[in-house]
Amino acid sequence: MRLSQILFVTLRDDPAEAEIPSHKLLVRAGYIRRVGSGMYVYLPFMWRVLQKVSQIIRDEMNATGAQECLLTQLQPAELWQESGRWDTYTKAEGIMFALDDRQGRQLGLGPTHEEVITTVARDMIRSYRQLPVNLYQIQTKFRDEIRPRFGLMRGREFIMKDAYSFHTHADSLKQTYEAMHDAYCQILTRCGLEFRAVQADSGAIGGSGSQEFMVLAAAGEDEVLYTEDGQYAANVEKAVSLPPDAEVLKSFNQYEKLETPNTPTIASLSEFLGCAPSQIVKNVLYQVVYDNGMTVLVLISIRGDQDVNDTKLYNELTKVAADFEATTVIALDVPDVEAQQKWAAKPLPLGYINPGLEDDYIQPDLEHVSPKFLRMVDPTAVDLQQFVTGSNDPGFHVVGANWGAEFELPKLVVDVRTAIAGDRATHDPSQPLQTARGIEIGHIFQLGTKYSEQMGATFTDEDGKNKPLVMGCYGVGVSRLAQSAVEQSYDDNGIIWPVPIAPYHAIVVVPNINDADQMAVAETLYADLNAAGVETLLDDRKERAGVKFKDAELVGIPFRVVTGRSLKEGKVEVVKRASGESEEMAIADVVDTIKGWVDAALG
RNA sequence: CGAGGUGUGGCGCAGUCCGGUUAGCGCACCUGCUUUGGGAGCAGGGGGCCGCAGGUUCGAAUCCUGCCACCUCGACCA
């Protein structure tokens, strides 16, 4: 393409709304334009990048035997009601755009497609002979993000590749899951990204095993914990570790209640008593709302130096939902004063709560509130002896307490502890956990039979029996991946695209279009490079050389050819964007050389 | 949803407290001349319902009320 003929506008100033480098650069270089919060137009250069990313994904997916299709973006509410996710997605996480058509039918705009694909599978897959099968699509998704940000990183409309596999049994699912893992590694490697696959929480999608693919970058919204030996890597939401050993700075041989004024926090209490934070049992009050409207007050006891991981807690509360005749969690909060007033029978001893907090703090006759605390204890607290904890009396704590003596150990012993960098790894205590920021660009799940059972998607197995389909699902954020490539590769002058996903491989810059020789050589090179399969731009704009160089660097084209002052020796200048290396090269060698570089980069 | 902030030409901003010529600056855009390898110089020019709706006033970008949009932090986040 000739730059003089295409819509090409670059900005000298950073857009006010952009925070992170990749967002600023994509806007400045003319790749994207915002039309509303979380809504971005993909301009022609961006679209070429996205198509390249898509094609790499397609290649690798097809190589595993997956088949491409295209599902609907408009989805009937009934499908989501069948799977039980309508409420979670429109109320709890509120992530689905829901609308009513003119007949009053409820519809959702697809944030993901398990329901649709399961419906198709239910209709079409009758026999084990049809299995396994893996279907995927590359399509725009809609999510009503509470707070869109970072350009394409968290938009309300974005492009995603999502794949769904169907199997007769779990072993077959595992095989495809592994194949997807390998394909994702291939995809990211081919796109030129530095990444890490980590264990992940499966969130509202549900299912058992799941892994996220994280592109490593400081602007990442997720924290990854990993070990140097490469044996362990997990999202902090999911990460497990060995907690630090509990310390005993001061022993409390006798159970007694002590006056401890102004010590509502662990730090203030440990300082006041001269004990270690790990000698204290901390009791945290949460409030969970289930999908049937039931509110349950949850009291969690955990060792004082440790923190509760909300994601783990959310999952544990989901597991016990049936005890309250519910199926999913809609909201999970630490209740503020206002929230407490809705159910508290008397003021809570905040900061001084102990594991035995009486149920009569809850008003007994409330219709939608469970009259008893749901008590849970983290293993770190179970092991403590002669510990310090609250007295339920503001201004006082108890010391020298023991489970089974002064306090009954809650029946629910669950790991709800947040792992942090520096903790020892479970597989090898000599390995401390390291931390890194990551951008989640892919997520693979072993769903199992959750959706198929819920929606009645069954097949007839060899034994003649009907069984639910075993499912997996595998997503890649296409637009997010493209932006994360920029986040990982830029300098003061602009974007540095990895060759495989650059919108063009090369750009021929004519410093002075009024110089007939410069133009003639440029035209020839431009034609020859393109003929050789090197995707090449020609900057034939009526601009000064400096502007053209700046733009070429900002846009990030990997290789630049300048038909400038060395022309009189029969040479042109060739510059590599990534390294800035420049060399004068005989005109006759240019096409072969650049072609060689491009081929080498494409692998 | 809580807190804070911003809406003025395509982009980035000043002007708003303290109402009063013709609403201004940089970039971008158009014309001409000069310049021509690192975001040029000079001269001329076009482009604005000052977020929207009410109100106060002789007079509102500026004061008041309501609404909307957007941004940041928090909460939340397949």
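Every heavy atom of this structure was used, including side-chain atoms; hydrogens, water molecules and symmetry mates were not. Below, chains carry the letters A, B, ... as their sequence lines are ordered, and counting in each starts from 1. In this text, all values refer to a predicted model and were calculated from it rather than measured experimentally.
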Exercise. Could you tell me how the ring of A/His23 sits relative to the ring of A/Tyr40: parallel (under 30°), tilted (30 to 60°) or perpendicular (over 60°)?
Key: perpendicular
Quiz item: Going by the angle between their ring planes, with limits at 30° and 60°, are A/Trp47 and A/Tyr42 parallel, tilted or perpendicular?
Solution: parallel
Exercise. State which of B/rG37, B/rG38, B/rC11 makes the closest approach to the side chain of A/Arg560.
Key: B/rG38
Quiz item: Which one, B/rC71, B/rG39, B/rG37, comes nearest to the side chain of A/Arg28?
Solution: B/rG39
Quiz prompt | Pairwise C1' distance, B/rU35 and B/rG47 [rounded to whole Å] | solution = 28 Å
Practice problem: In whole angstrom, give me the gap between the P atoms of B/rA40 and B/rU21. | Solution: 37 Å
Quiz item: Salt bridge between A/Lys161 and A/Glu60, side-chain N to carboxylate O under 4.0 Å?
Solution: no
Practice problem: Tell me which of A/Pro148 and A/Glu145 sits closer to the 5' end of RNA chain B, going by the nucleotide each one is nearest to. | Solution: A/Pro148
Quiz item: What string of B, S and - do you get for nucleotides 25-36 of chain B, 5' to 3', if B is base contact, S is sugar-phosphate-only contact and - is no contact with any protein heavy atom under 4.0 Å?
Solution: -BSS------BS
Quiz item: Where along nucleotides 43-48 of chain B does protein come under 4.0 Å, by heavy atom, of base (B) or sugar-phosphate alone (S), with - for untouched nucleotides?
Solution: ------
Quiz item: Where along residues 546-556 of chain A does a heavy atom fall under 4.0 Å from RNA chain B?
Solution: A/Gly546, A/Val547, A/Phe549, A/Lys550, A/Asp551, A/Glu553, A/Leu554
Practice problem: Would you please indicate yes or no on a ring centroid separation below 6.0 angstrom for A/Phe8 and A/Phe45? | Solution: yes
